[in-house]
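Below is one structure, written out as structure tokens; the observations come after it.
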Amino acid sequence: MVCWLSLILCIGGVGAQKHFQHDSNDYIQYRTLPNHLITKWSITYHDREAVAPGYWFTAPYWLHDGDRETNQWIPYQIGPHIFDQDGVLVWTGSTEFDNLNVYDFRRIDLPDATGQLQPHVSWMRWHKPYDMGSDGLTAVYDNHYQPKYVTPVPANEIDTHDFNVKYPPNVLQIQTRPEIVKLDDLGRPDAEQVITINGFTEKNILTGETVFEWRSNKKVKLNESYITRAEDAHPREDYMHANAIDKNDNGDYLLSARHTSTIYLISGQDGHIIWRLGGKENDFEKDFDFFGQHDSRFISVNATHMVISFFNNGAIDGDVREKTSSAMYVELDTINMRARVLTRYMRPDGGVTDRRGNMQTLDNGNVLMCWSWDGYMSEYSHDGRLLMEAKFASDRHDSYRAYKFPWIGRPSNPPTLLSETYGVNGSALSTVFHVSWNGATDVAFWRFYARNSSSAAKEEVGIVPKSGFETSFIAGGYMDWVSVEALDSNMETLGESPDIRTTPPEYWPPTAPLPRPDEPRLAAAKITSPIEHRHLSGFPFQFFTGFVICGILVALGTCMVGGD
Ligand SMILES: *[C@@H]1O[C@H](CO)[C@@H](O)[C@H](O)[C@H]1NC(C)=O
Ligand SMILES: *[C@@H]1O[C@H](CO)[C@@H](O)[C@H](O)[C@H]1NC(C)=O
Ligand SMILES: *[C@@H]1O[C@H](CO)[C@@H](O)[C@H](O)[C@H]1NC(C)=O
Ligand SMILES: *[C@@H]1O[C@H](CO)[C@@H](O)[C@H](O)[C@H]1NC(C)=O
């Protein structure tokens, strides 16, 4: 007993100093996720009870084209991530696709063979770093985290803005295609140059068939742009910068374009522009302004009115026109062409998001916004009460968008287990376990097993509550041929790791014979009380170097003198 208490105190003390490894305390490294440094969160709840249930879906990213040539770059911090609402990692998909930036990571639902909708995740990947000619892709994985639909996107058509499955199995995506265009819209009929033509497609994910396609040339003029200007010798190519596409039950499309600062309603019948909200050619009498917006979505539509939501940046990069960015619901009277604000949710810290960002209406009516810089998110009640703010602990990463969804993750890979034995002689050994299960939800307990030989029956060593992404556990004795079982809150088995061999003691007299594994029931006898289980489980990784050193000191000192 004295021995275990000493260990706990020692672990705490050394742990505090080990915090700064990798010259940052903004990330967590887990033993069971080698090479990954998982971003930490800084979270403020203003009303925890009122937030919607679910998990955060976010994709930290660093420089658009990767960052291999600077000392800032650390592998496997970016890419698709699911976190719980305490900021604890649930799934990292950063090892998929070689640690590249991804965008618009979210849950989508797709029909299975019987037509039942099943949860999936989707994201889009930019081209390879420093290879602008390489293809991007769109990815759809199931909730076992296995690839289902992975589709390459040709290099000159890469657009990573939107992957919107509103009417499954169809997906709406923005299209980008450079073309040589005459500049007559800019009053320069003799000049021509490459212009980025935007558009969108509606495609069936299951068959790949294109259902609808629309392109901006001849429909959206170059002089609608705020950044492509006649007076520039070489007017900027990206005149429109479409960034969101949605569809309503009438079959019409809502297209947001940042560089024209306009939201377009486009006919699903013949592709003509029915109206424009905002921008230089605005068709509405309205009681609000917006600029450089993102993420426009249909909320409701009837014969006379439409309610839409969008993220109002109030800025296009350095061209800042509003003091604070906001997220908005507006009602459009489409008979009398009047538009009014229903609710405007200000960026809580008063800042400006001059690019990127999104706004998601949650199932209970709450609203989640991602203000992009530093992954900053907020949740508001529908009537405008601020409930939660969160951002990455580091300012190194941003997120293009963020979402919250209910999620059940059932990884097809088994839990990852590590076990190591520490001690200086055969009678004072202990075994340290680390376990995690990337992507699994609903794990409440871990049950550890060991055998005293490869052919013996497995015996329970202990059960500990899951604590964080990675749970750690110390058992008395040298436990070998170990495995672990994931249990839900009803003690039902969710999955089990394969048997692994425990790493033998590292600090062992070279002349002495290696110890023999103990019988599992020895460990079970040593750790019996649930209080001890709680104390002994869940030490984060950084404590364990301390543990080794302290363990040796304690084993040599306290325990030798005091005994158990
Ligand atoms: C853009 O140019 C067209 C002529 O091509 C003109 O009719 C229109 O008024 C111009 N729009 C703006 C916003 O200047
Ligand atoms: C149409 O929607 C508006 C609100 O967006 C509502 O005020 C109006 O009553 C609705 N009309 C019908 C016929 O349901
Ligand atoms: C191993 O454990 C089994 C019980 O599972 C026990 O019967 C046997 O005696 C043990 N063997 C050794 C060598 O400790
Ligand atoms: C092993 O360590 C324990 C406690 O640390 C001590 O009581 C015991 O005498 C040691 N045994 C040997 C063979 O050194």
Side-chain angles (χ1 to χ4, degrees), residues 57-61 64-66 78-82 91-112 117-129 131-178 196 198-215 241-247 253 255-256 294-295 297 356 358 360 370 399-403 405 407 439:
F57 288 61
T58 186
Y61 82 94
H64 212 43
D65 298 318
I78 59 171
H81 286 74
I82 303 175
W91 182 63
T92 167
S94 68
T95 31
E96 308 292 334
F97 307 128
D98 195 25
N99 192 38
L100 297 175
N101 290 319
V102 311
Y103 302 90
D104 202 27
F105 171 56
R106 58 166 121 175
R107 170 184 168 154
I108 61 168
D109 292 302
L110 288 176
D112 61 18
L117 287 181
Q118 300 296 346
H120 291 71
V121 283
S122 65
W123 64 90
M124 291 173 287
R125 193 205 75 189
W126 195 242
H127 48 65
K128 295 195 181 74
D131 179 6
M132 303 296 264
S134 70
D135 289 352
L137 52 79
T138 60
V140 176
Y141 279 36
D142 61 19
N143 77 332
H144 311 297
Y145 306 98
Q146 291 302 306
K148 296 286 282 195
Y149 306 97
V150 177
T151 312
V153 181
N156 64 354
E157 290 185 20
I158 292 173
D159 188 287
T160 46
H161 282 103
D162 215 351
F163 192 84
N164 181 9
V165 181
K166 182 155 177 189
Y167 296 91
N170 287 7
V171 62
L172 299 162
Q173 284 176 272
I174 304 288
Q175 237 189 9
T176 299
R177 210 175 279 167
T196 306
N198 268 162
F200 61 87
T201 57
E202 179 174 353
K203 277 188 186 155
N204 182 316
I205 292 182
L206 311 182
T207 64
E209 171 208 2
T210 299
V211 177
F212 191 84
E213 193 160 20
W214 185 88
R215 289 160 62 65
H241 201 98
N243 58 19
I245 176 69
D246 200 16
K247 188 182 183 182
Y253 298 92
L255 180 71
S256 165
H294 286 75
D295 199 28
R297 304 290 163 200
R356 308 182 290 259
N358 75 314
Q360 181 194 10
C370 176
S399 185
Y400 175 67
R401 288 178 176 170
Y403 297 93
F405 297 104
W407 182 245

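Heavy-atom basis, side chains included; hydrogens, waters and symmetry copies ignored.
Contact check for Tyr167 versus Leu172: no side-chain heavy atoms found under the 4.5 Å cut-off. A 4.5 Å side-chain heavy-atom check between Leu206 and Pro111 finds at least one atom pair inside the cut-off.
Nearest heavy-atom pair across Ile158 and Asp135 is CD1-C, 4.0 Å. Looking at every heavy atom in both residues, His120 comes nearest to Asp109 through N-OD1, 4.5 Å. Taking all atoms of both residues into account, the shortest heavy-atom contact from Trp91 to Pro80 is CZ3-CB, 3.9 Å.
For NZ of Lys203, the number of neighbouring non-hydrogen atoms (other residues, nucleotides, ligands) closer than 6.0 Å is 12 at most.
Defined by atom type and a distance below 3.5 Å, a donor-acceptor pair is missing between the side-chain atoms of Glu209 and Asn204. Checking His241 against His161 by side-chain atom types alone, a donor-acceptor pair falls below 3.5 Å. Looking only at atom types and distance, the side chain of Glu202 has a donor-acceptor partner in the side chain of Tyr253 under 3.5 Å away. Using modelled atom types, one finds a donor on one side chain and an acceptor on the other under 3.5 Å when comparing Asp104 with Tyr403.
Checked against the 6.0 Å centroid threshold, Phe57 and Phe405 count as a close aromatic pair.
The list of salt bridge (charged side-chain N to carboxylate O under 4.0 Å, His left out) pairs with a residue in residues 140-162, not counting sequence neighbours, reads Arg106-Asp162, Glu157-Arg177, Asp162-Arg297, Asp162-Arg401.
For Ser134, the side-chain contact (heavy atoms from CB on, under 4.5 Å) test picks out His127, Lys128, Asp131, with sequence neighbours left out. Looking at residues two or more places apart in sequence or on another chain, you find a side-chain contact (heavy atoms from CB on, under 4.5 Å) between Val150 and Phe97, Leu137, Ala139, Tyr141, Pro147.
Note: Asn164 CG to Asp246 CG = 5.0 Å, rounded to the nearest 0.5 Å.
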Side chain to side chain contact (heavy atoms under 4.5 Å, CB included) between Phe163 and Ile108, intermediate numbers included: CA-CA 9 Å; Phe163 192 84; Ile108 61 168; 4.2 Å; yes

Full working for side chain to side chain contact (heavy atoms under 4.5 Å, CB included) between Asn101 and Tyr400: CA-CA 10 Å; Asn101 290 319; Tyr400 175 67; over 6 Å; no

Side chain to side chain contact (heavy atoms under 4.5 Å, CB included) between Leu100 and Trp126, intermediate numbers included: CA-CA 7 Å; Leu100 297 175; Trp126 195 242; over 6 Å; no

Criterion side chain to side chain contact (heavy atoms under 4.5 Å, CB included) on Ile174 and Leu255, from CA distance to verdict: CA-CA 9 Å; Ile174 304 288; Leu255 180 71; 3.8 Å; yes

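The side chain to side chain contact (heavy atoms under 4.5 Å, CB included) test with Leu110 is passed by exactly one of Val171, Val165, Leu117: Val165.
Put simply, the side chain of Asn358 never gets that close to the backbone of Asp295: no donor and acceptor are under 3.5 Å apart.
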